[in-house]
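Lettering follows sequence order; numbering is per chain, from 1.
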2 protein chains.
Amino acid sequence: MDTFNALAEPNRRRLLEAIRQEPCTVNMLVTRSDLSQPAVSKHLKYLREAKLVVVKPDGQKRWYSLNPNPLKEIEEFLEPYRQLSLNRLDALEQQDSSAIQKLTQIN
Amino acid sequence: MDTFNALAEPNRRRLLEAIRQEPCTVNMLVTRSDLSQPAVSKHLKYLREAKLVVVKPDGQKRWYSLNPNPLKEIEEFLEPYRQLSLNRLDALEQQDSSAIQKLTQIN
DNA sequence: CGTAAATATACCTATATCGTTATATAACTG
DNA sequence: CAGTTATATAACGATATAGGTATATTTACG
């Protein structure tokens, strides 16, 4: 499971959001999601494979915390696209709001 | 097909890269990839669903060009993660290279 | 008009993955 | 030790999708 695929699943993004806010045990994530415990464990397995989380065992509990480093790959992919939409829209916003309508209704 | 899933497929990312550089017809993309024509057409269908590309028919040709707007969703997702790794590593780089080793070997 | 070119779609097989239930594996607790 | 808690894994069915080949559809051209 690579970074892109790990982020492609909405439940996995939500789990990662929770872990980003603070390290979590599996049970904490089960409580905060509407997923079963095995489902959470499986998603965590994929997040581990993608190295987006690291685990620290503590007795029977496992503390999952974020490793944001792999996200750089996504950032690097997005980099060449940044100049395009965002700046282009920003520039338009300063002059012609009808042109923005035209552009944004594509999306 | 949502934005995240559209980007999860490596061939699709490559097609998008090509389209980003200049608008392309299907045949151009077939030539520049190692995919069959139907495979390219299918990936383009998903990119269209995700609204990452727009098509302009021109005779029998279809010109595919980039619509970067949906990428904002990815940017917004990444936003809260930006402060974490990148800045943290940048800060470390300026003082202690062994600490960087420890951090980066997680990844 | 008949053929070729450009693209899309249908159909098939293989593989991945989602979620669930049941079960295994440790580690605590009394 | 017995039972419970925390987590992981196995096994299963359902669904999605990747790729290929064959074919349909539309447009161009002589």
Taking only residues two or more places apart in sequence or in another chain, which ones pass ring pair (Phe, Tyr, Trp, His ring centres under 6.0 Å) with Phe77(B)? Phe4(B), Tyr81(B)
So that I can tick it off, tell me whether Lys72(A) and Glu75(A) are bridged by a salt bridge, with the cut-off set at under 4.0 angstrom between side-chain N and carboxylate O. no
Can you sort out the partners of Glu79(B) under side-chain hydrogen bond (donor to acceptor under 3.5 Å, both in side chains), two or more places apart, ordered by chain and number? Arg82(B)
My understanding is that only residues two or more places apart in sequence, or in another chain, count here; which of them pass salt bridge (charged side-chain N to carboxylate O under 4.0 Å, His left out) with Glu73(B)? none
If the condition is salt bridge (charged side-chain N to carboxylate O under 4.0 Å, His left out), which residues does Arg32(B) pass it with, not counting sequence neighbours? Glu22(B)
For the helix from dC1(C)-dG30(D) to dG30(C)-dC1(D), figure out the bend between the end axes, five pairs an end, and round to 10 degrees. 10°
Would you mind building the protein contact string for nucleotides 13-26 of chain D? One character per nucleotide, 5' to 3', B for base within reach (heavy atoms under 4.0 Å), S for sugar-phosphate only, - for untouched. ----SSBBBB----
Just to be sure I understand the geometry, which residues of residues 25-32 of chain B put a non-hydrogen atom under 4.0 Å away from DNA chain C? Thr25(B), Val26(B), Asn27(B)
What's the spacing between Leu29(A) CG and Leu16(A) CG if we round to 0.5 Å? 10.0 Å
Just how far is it from atom CG of Leu47(A) to atom CG of Asn67(A), taken to the nearest 0.5 Å? 11.5 Å
By side-chain hydrogen bond (donor to acceptor under 3.5 Å, both in side chains), Gln21(B) pairs with (sequence neighbours left out) none
Going through the distances and angles, do Ile74(B) and Leu7(A) end up as a side-chain contact (heavy atoms from CB on, under 4.5 Å)? CA-CA 10 Å; Ile74(B) 315 278; Leu7(A) 297 181; over 6 Å; no
Once side-chain hydrogen bond (donor to acceptor under 3.5 Å, both in side chains) is applied, do any residues pair with Arg14(B), and if so which ones, sequence neighbours excluded? Asn11(B)
Which is the 5'-most and which the 3'-most nucleotide of DNA chain C that has an atom under 4.0 Å from a heavy atom of chain A? dT17(C) to dC28(C)
ring-ring contact (aromatic ring centres under 6.0 Å, His included) partners of residues 31-71 of chain B, not counting sequence neighbours, each pair once: none
Test of understanding: with salt bridge (charged side-chain N to carboxylate O under 4.0 Å, His left out), list the residues that count as partners of Arg12(B), not counting sequence neighbours. none
